[in-house]
Amino acid sequence: MNRKPDVLIVGAGIAGLTAARDLCLMGLKVTLLEARDRIGGRILTHHTPEFPVELGAEFVHGRPPDLWHLLQEAKMPLAELEGISWYHERGTWARADGMMPEFGEVFGAMADKQPDQSFQQYLETVDAGEEAKDHALRFIEGFHAADPQRVSVHWLVRSNQAEEEIQGDRQYRTVTGYDTLVQFIAGQLPKENCELRLNTVVEEVRWTSGSIIVKTNAGEFESPRVLITVPIALLKSGTIRFSPELPHKQKALAYLEMGPVVRVILCFGAKFWEGRLKDLSFMFTDDEQFPTWWASHPLPFPILTGWAAGSYARKLSGLDHNQIIECALQSLERILGIHHAELRQHFKAGFTHDWQADPFSQGAYSYAVAGGSNAPQELAAPVADTLFFAGEATDPNGHNGTVHGAISSGHRAAREILATV
Ligand SMILES: Cc1cc2nc3c(=O)[nH]c(=O)nc-3n(C[C@H](O)[C@H](O)[C@H](O)COP(=O)(O)OP(=O)(O)OC[C@H]3O[C@@H](n4cnc5c(N)ncnc54)[C@H](O)[C@@H]3O)c2cc1C
């Protein structure tokens, strides 16, 4: 491409790729600057010879239209989650569906009419048993990877409403791996007006109205406009500098946090747990290291995924790959009451990815802290028709921290850009 691109896009995760596709389809020239040696960002699938292993996003939450449209275009088969979810506490097993009334008790009174507060503050006002409250706290940390002492109740209310609107109680898995979607979108980018630059780490964005210079480890790039799609942790930490600075964005970012997650996938020779826990879907436990586990049901793969989020993830930080796998195996021994030697006999391989230590994510996904439920909109707002923002953290409708939220943000940013051309 000889002439300057119409748009520079920083980040080739699902938000950046979605925006690139929309813009190219409308005839704009786009250059995607991606720091890693791969596209997809927090969608990261490892393909073993037998099955895909998801190290980042795994589930399709509900039926969000933008994502479903793409999945259909890409002809990607999905499997709806079925099976039985269990609760394991103080050595006792109970079916997890029995907990729904208890959840209703705790979350039912959450509203966005009163002034915003943290979930912990809200919980202190709720008339519910200690055990129900404890389960609710674990849910907030486990699902949202959020600190209960900080996460905004208004943001949680919006997130719950958003889920209801897309049938969020139904969950699906991609059969061929989430990266099939990434490759599909990338395959649709026309070579003649889209350039993808991998291994290109953006360090600074110098801007005036209608003019951008992006400084990277591989030289400078110029364009009339730029779309920033990187995870918020990189913007909060100043890893990418803006010159002049963007005080409004820093204010919004102060109300957004990135939750930590450590996820482990253990592959076994067979589904040895089926004898005891037939049709296992999820296990929610009081384990101190990996409290949440799930199987691949209804897909037949003999894998178990361990999930440690929030404070649980922080406790594991600094451990190397082998130490994390070891912790996960010990956690399974405790939960399943299985002997060390027996578990090792079944165990074939383990995978993990440290999203906190990964310099290009510095965490798993975003949430808003008390007082900041409008921070996603504020972060998303374009500056001088020159700087545009997308990525999961910018979704204003409560779909933060998801693939579909990131996709919608890419479409939204593309529309904003097209309106200025
Ligand atoms: C462990 C885990 C599990 C998850 N599970 C689910 C799930 O089951 N379902 C679901 O819907 N969502 C899930 N998510 C969330 C989902 O993966 C993300 O919300 C979504 O993929 C984010 O897309 P994005 O384009 O906004 O950001 P990213 O995918 O992070 O893309 C941003 C891109 O910017 C690049 N970048 C960063 N810094 C620079 C720089 N300086 N210069 C150039 N490029 C840079 C990055 O390398 C990256 O490619 C999960 C996330 C994690 C981490």
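Counting starts at 1 for both ligands and their atoms, in listed order.
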Practice prompt. For W355 and G56, work out which heavy atoms get closest and say how close.
Written response: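 Closest approach of W355 to G56: CZ2-CA, 3.7 Å.
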
Response to the item:
Residues E392 and G401: closest non-hydrogen pair is OE1-N, 2.7 Å

Quick check for students: name every N or O atom pair between ligand 1 and the protein closer than 3.5 Å, with distances.
residue	atom	partner	partner atom	Å
ligand 1	8 (O)	E58	N	3.1
ligand 1	8 (O)	F59	N	2.8
ligand 1	9 (N)	F59	O	2.8
ligand 1	9 (N)	H61	NE2	3.2
ligand 1	11 (O)	V403	N	2.8
ligand 1	12 (N)	V403	N	3.4
ligand 1	17 (O)	R42	O	3.3
ligand 1	19 (O)	T402	N	3.4
ligand 1	19 (O)	T402	O	3.1
ligand 1	25 (O)	I14	N	3.3
ligand 1	25 (O)	A15	N	3.0
ligand 1	26 (O)	E392	N	2.9
ligand 1	27 (O)	R42	NH2	3.1
ligand 1	29 (O)	R42	N	2.8
ligand 1	30 (O)	R42	NE	2.7
ligand 1	30 (O)	R42	NH2	3.3
ligand 1	41 (N)	V202	O	3.0
ligand 1	42 (N)	V202	N	2.9
ligand 1	44 (N)	A35	N	3.1
ligand 1	47 (O)	E34	OE2	2.6
ligand 1	47 (O)	R36	NH1	2.8
ligand 1	49 (O)	E34	OE1	2.6
ligand 1	49 (O)	E34	OE2	3.2

Worksheet entry | Within residues 374-394 or reaching into it, pairs that qualify as ring-ring contact (aromatic ring centres under 6.0 Å, His included) - sequence neighbours excluded |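 Of all non-adjacent pairs touching residues 374-394, none passes ring-ring contact (aromatic ring centres under 6.0 Å, His included).
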
Worksheet item: Would a distance-only check, ignoring hydrogens and angles, find a side-chain to backbone donor-acceptor pair under 3.5 Å from Q121 to S118?
Response: yes

Item to complete: Please answer whether the main-chain N or O of V383 pairs with a side-chain N or O of K249 as donor and acceptor at a distance below 3.5 Å.
Response: no

Discussion item. Less than 6.0 angstrom from the centroid, inside 45 degrees of the normal: does R263 satisfy that with respect to the ring of W307?
Written reply: no

